[in-house]
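Heads up, the thing below is written out as structure tokens.
Throughout, a chain's letter reflects where its sequence line sits, starting with A, and its residues are numbered from 1. Bear in mind the structure is a predicted one, so any value in this text is a computation, not a measurement.
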There are 2 protein chains.
Amino acid sequence: MQQDNSKKGILYGIGIGPGDPDLLTIKAVKILEKADVICVPKSKEQASTALAIVSKYLKDTAVVEPMVFSMSKDIEKRIESRKENARLIEQKLDDGQIVVFLTLGDPMLYSTYSYVLEHLKTGCLIETIPGIYSFSAISSLLSLPLVKGDDKLAVISSWDEGALKMIESADTVVCMKISSFHTDLYAFLKESKDYNFVMITNAGKDTQEVFHSREVLREKVPYFSTAIIQKQKTLQPKILASCQM
Amino acid sequence: MQQDNSKKGILYGIGIGPGDPDLLTIKAVKILEKADVICVPKSKEQASTALAIVSKYLKDTAVVEPMVFSMSKDIEKRIESRKENARLIEQKLDDGQIVVFLTLGDPMLYSTYSYVLEHLKTGCLIETIPGIYSFSAISSLLSLPLVKGDDKLAVISSWDEGALKMIESADTVVCMKISSFHTDLYAFLKESKDYNFVMITNAGKDTQEVFHSREVLREKVPYFSTAIIQKQKTLQPKILASCQM
């Protein structure tokens, strides 16, 4: 089919950062202000959080499109659901619309957006705008340098042999999606005393809490929780002033 | 000058992102607009790059304070230099000034700022504002998801046994400051064919270049270069559209 390029829409994948609307980038704001359609992956918590961050920048006429992504254990169902949402986005692009897909944090780090990209047909115009990672915001909030000099950083989102090997060599380990492996991390830290530990839940929200005791891992932890562990040689737990993110 | 605690200054460590002024956060801009003093670590390239990013937001009366940090191999000299700069900042804080310390990228990831923090006296008011990491911007620019699902990410800035161990278990490895170990990485990749490779130099600048062949590592690489290597199972080299950062 002949495409009319003059009317062709564009998809912007926008990282909206960890929660504070002031941690949006200028570039994200400029795009949000002109967006026709705002796609938000719909899950228990994420859709409302993401919309709250961007809402004041949207045009009155902007249409919010909550997108349900299957979380089935059946990979085929998950892929089918991604394809359906990709088709929806393509239709809007073919209509010449400016479509935004929101990602909490960054669109290239553990995001639903990256799965959607796989299923968009070749030739779609897209641009991806990076966002502040949650763990970057957390390290700033705590005045806790993640890595210095020759230090090595590991970012994990699950627990297995490979994660353990990375932890052995890394100076700092960021544990994302920790609600799925907090008991494994607890067991590890119980045996490994030479690590410092901090966990933040709901960073940047009113319900934000900071935990410096690993004992918090014994119980269920909230969905929006990130832990940072550091070998004691590198930890600088000298927090100079408390500050709001 | 009379001390007046009600007038006590505050230090903002601001991450200004990788180069594009539009990748500043709203929060960074709000602070830059009211800053009295702008401290910029002075090295060959960094000071001018950092100032170019923020210049349009500064007050006419803002004073730029280039700070020289010793790069001596003698650690004592480096520490002494950090202490001197920390004293300078403290003086300005005691004068009630709003002091900003600029960091390209993020202030908590391989930054000079984190060394300055160590030497500030307790009680200084500080707040750190995260910035977009260079590798986050690069992954967006290339539409290259860094990690998905259970993937593991490693970030290294030097080459040793530990780095090799992390590479073995990581799905994606970000190599920062690669100009100091490009030959080691080249030798590794020569033996390990199952990795995809991309390197960006001067990301976001007019002189930006993207290299998809590892052969670029055979020669000296520019200071502002970052490489990303990925095990082939996870690489999605389907770049849907070229886009400007």
Side-chain angles (χ1 to χ4, degrees), chain A residues 13 15 17 20-27 29-30 106-111 114-115 117-118 120 122-133 136-137 139-141 143-158 160 162-163 165-166 168-170 236 238 240-241 243, chain B residues 13 15 17 20-27 29-30 106-111 114-115 117-118 120 122-133 136-137 139-141 143-158 160 162-163 165-166 168-170 236 238 240-241 243:
Chain A
D20 179 346
D22 276 356
L23 289 182
L24 281 169
T25 62
I26 308 282
K27 194 161 193 172
V29 168
K30 284 181 178 172
D106 179 88
M108 292 291 144
L109 195 90
Y110 300 120
S111 80
S114 60
Y115 293 118
L117 279 191
E118 289 174 22
L120 286 176
T122 309
C124 287
L125 288 179
I126 63 147
E127 184 174 348
T128 307
I129 316 299
I132 301 285
Y133 296 158
S136 164
S139 61
S140 275
L141 180 74
S143 292
L144 181 70
L146 286 180
V147 274
K148 302 184 201 180
D150 290 345
D151 288 350
K152 297 167 190 69
L153 174 70
V155 182
I156 62 172
S157 67
S158 63
D160 57 17
K165 281 189 184 157
M166 287 185 71
E168 275 170 25
S169 297
Q236 300 291 340
K238 179 189 176 191
L240 297 156
C243 51
Chain B
D20 179 347
D22 276 356
L23 289 182
L24 281 169
T25 62
I26 308 281
K27 194 160 192 171
V29 169
K30 284 181 179 172
D106 179 89
M108 291 291 145
L109 195 88
Y110 300 121
S111 79
S114 60
Y115 293 119
L117 279 191
E118 289 174 23
L120 285 176
T122 308
C124 287
L125 287 179
I126 63 145
E127 184 174 348
T128 307
I129 315 299
I132 301 285
Y133 296 159
S136 165
S139 61
S140 275
L141 180 74
S143 292
L144 181 70
L146 286 180
V147 274
K148 302 183 202 181
D150 290 345
D151 288 350
K152 298 167 189 70
L153 174 69
V155 182
I156 62 172
S157 66
S158 63
D160 57 17
K165 280 189 186 159
M166 287 185 73
E168 275 169 24
S169 298
Q236 300 292 341
K238 180 189 176 190
L240 298 156
C243 51

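Pairing each heavy atom of B:Lys152 with each of A:Ile156, the nearest pair is CG-CG2, 4.1 Å. When all heavy atoms are compared, the tightest approach of B:Asp22 to A:Lys30 is OD2-NZ, 2.9 Å. The shortest heavy-atom contact between B:Ile132 and A:Pro130 is CD1-O, 3.6 Å. Here the closest non-hydrogen pair linking B:Tyr133 and A:Ser136 is OH-CB, 3.3 Å.
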side-chain contact (heavy atoms from CB on, under 4.5 Å) evaluation trace for A:Leu146 with B:Val155 | CA-CA 11 Å; A:Leu146 286 180; B:Val155 182; over 6 Å; no
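Note that the CG atom of B:Leu24 and the OG1 atom of A:Thr25 stand 9.0 Å from one another [nearest 0.5 Å]. To the nearest 0.5 Å, atom CG of residue B:Leu141 and atom CE of residue A:Met108 are 10.0 Å apart.
Proximity of a side-chain donor or acceptor of B:Ser169 to a complementary backbone N or O of A:Ala163 within less than 3.5 Å is not detected.
Contact of the B:Ile126 side chain with the A:Ser143 side chain is registered, since non-hydrogen atoms from C-beta on lie closer than 4.5 Å. In this structure the side chain of A:Asp150 never reaches within 4.5 angstrom of the side chain of B:Asp160, judged on heavy atoms.
For chain A, the nearby part of B:Asp106 is the side chain; its heavy atoms alone come within less than 4.5 Å.
Most heavy-atom pairs under 4.5 Å with chain B: of the set A:Gly17, A:Ser111, A:Gly13, A:Gly131, this distinction falls to A:Gly131. Residue with the most contacts toward chain B among A:Gly149, A:Pro21, A:Gly15, A:Ala170: A:Gly149 (heavy-atom pairs, distance under 4.5 Å).
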